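In what follows, a single structure is set out as structure tokens and then discussed.
Chain naming here is simple, since letters A, B, ... match the order of the sequence lines and numbering starts at 1 in each. Predicted model only: the values in this text are computed from it and were never measured.
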2 protein chains.
Amino acid sequence: MRKKIRETTNDSLSLRLRLAGLRPTRQRSELANLLFRNGDRHLTAEILHAEAMAEGIKVSLATVYNTLHQFTQAGLLRQVVVDATRSYFDTNMGDHQHFYCEDEGALMDIPDSGIMVDASRFVPPAGTTVQRVDVVVRVKHS
Amino acid sequence: MRKKIRETTNDSLSLRLRLAGLRPTRQRSELANLLFRNGDRHLTAEILHAEAMAEGIKVSLATVYNTLHQFTQAGLLRQVVVDATRSYFDTNMGDHQHFYCEDEGALMDIPDSGIMVDASRFVPPAGTTVQRVDVVVRVKHS
DNA sequence: ATTTGTGCAAATCGTTTGCATCTGA
DNA sequence: TCAGATGCAAACGATTTGCACAAAT
């Protein structure tokens with residue numbers, strides 16, 4: 001049979017990476033798989049790295065950091081700042097908000113119904129435009 | 001004239017510290033003065049430390065950090081998380097929200113009219129209660 | 001072949017801590 | 001007096017970077 005022109009291994013993830021202008025290297029593809037195969041996720045670099053290790057994926061922590069930032073820049077992830085000591089990344093790029101439980105450091109999406117902050121309700125400082133509006137509902141175990 | 005029983009040096013700041021259960025030490029009083037004399041402020045430990053130095057106030061950076069946390073715990077300050085790399089403290093304890101300009105790392109109050117997020121609009125995860133709702137409007141120089 | 005990514009370990013940066021010394025009540 | 005504060009420097013933990021090597025196109 002003839003040589004396959006189009007890459008057979010080119011799953012949708014590789015495609016996504018390509019479209020984002022990122023070479024689908026082994027590490028990036030495997031991390032992308034971890035990140036996106038199971039829908040919405042909120043994780044730190046360390047958590048992702050630990051998961052990768054657990055699945056036998058070889059990546060250094062430094063590469064995980066780099067990759068998360070590249071994905072963020074490419075619009076595949078969103079960085080969520082809730083805790084001064086940790087950086088979370090969210091695979092859900094839709095317009096949504098979060099619950100954050102400080103007790104356990106858990107970040108959760110607010111089920112849709114929720115808060116819609118209407119950007120027209122306020123005027124940004126002179127010379128600036130609104131990038132986005134972050135809403136974090138801080139909760140505590142009661 | 002008779003000995004003054006009540007401290008003459010007891011300005012409102014020292015009083016505030018006392019009421020908060022904090023000894024009005026020289027450093028705490030002077031930092032409190034810097035923080036509260038000019039109304040609302042948003043600053044990092046480093047900025048406050050630099051200001052103190054500039055005014056000839058002798059405090060170590062470590063003490064500034066400690067003091068900011070003590071004030072926060074005492075309800076005199078609020079810590080605002082907007083940037084993964086810096087911690088801001090806000091002297092405005094009222095219910096309000098912020099603009100954050102990533103370009104210049106500037107944090108500003110949103111003039112009141114603004115956003116009122118109504119906590120009843122959503123249900124916190126089971127077993128938790130809402131602490132507070134943080135809204136950060138991220139803006140960029142255009 | 002050339003460009004781009006990766007790994008490691010060292011460097012960085014904000015923040016915290018241990019401990020000896022000082023200070024306010 | 002003496003519990004509580006402070007200062008310094010060392011410790012810390014998350015993140016980043018420099019550089020030699022490896023992989024993708």
Do any side-chain nitrogens or oxygens of Arg28(A) fall under 4.0 Å of OP1 or OP2 in dG5(C)?
->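 Affirmative; the distance criterion is met.
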Indicate whether OP1 or OP2 belonging to dT4(C) is found under 4.0 Å from a side-chain N or O atom of Thr25(A).
->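 Checking Thr25(A) against dT4(C): no side-chain N or O falls below 4.0 Å of OP1 or OP2.
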Can you label the angle between the Tyr65(A) ring and the His69(A) ring as parallel, tilted or perpendicular, going by 30° and 60°?
->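 Tyr65(A) vs His69(A) ring planes: tilted.
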Of Gln27(B), Glu51(B), Glu30(B), which meets side-chain contact (heavy atoms from CB on, under 4.5 Å) against Ile57(B)?
->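 Result for side-chain contact (heavy atoms from CB on, under 4.5 Å) with Ile57(B): Glu30(B).
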Modelled atom types, side-chain donor and acceptor of Asp109(B) and His42(B), under 3.5 Å =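 Yes, side-chain donor-acceptor contact under 3.5 Å.
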Tell me yes or no: between the side chains of Asp83(B) and Tyr88(B), is some donor less than 3.5 Å from an acceptor?
->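 On atom types as modelled, these side chains do not qualify, holding no pair under 3.5 Å.
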Classify every nucleotide of nucleotides 7-15 of chain C by which part a protein heavy atom approaches to under 4.0 Å, writing B for the base, S for the sugar-phosphate alone and - for neither, in 5'-to-3' order.
-> BB-----SB
Just wondering, more than 12 heavy atoms not from Met93(B) lying within 6.0 Å of its CE?
->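 It does: Met93(B) CE has more than 12 such atoms within range.
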Keeping to residues at least two apart or across chains, list the salt bridge (charged side-chain N to carboxylate O under 4.0 Å, His left out) pairs with something in residues 52-71 of chain B.
->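 Those involving residues 52-71 of chain B are Arg37(B)-Glu55(B).
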Using the C1' atoms of five pairs at each end, what's the angle between the two axes of the helix from dT12(C)-dA14(D) to dA25(C)-dT1(D), to 10 degrees?
->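 That helix gives 20° between its end axes.
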P-based separation of dT15(C) from dA11(C) [nearest Å] =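 Result for the P pair: 23 Å, nearest Å.
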Spacing of Leu17(A) atom CG relative to dA24(D) atom P, expressed in whole Å |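 These atoms are roughly 13 Å apart.
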Residue that, paired with Asp90(A), satisfies side-chain hydrogen bond (donor to acceptor under 3.5 Å, both in side chains) out of Arg41(A), Gln79(A), His98(A) =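 Single pass found, and it is His98(A).
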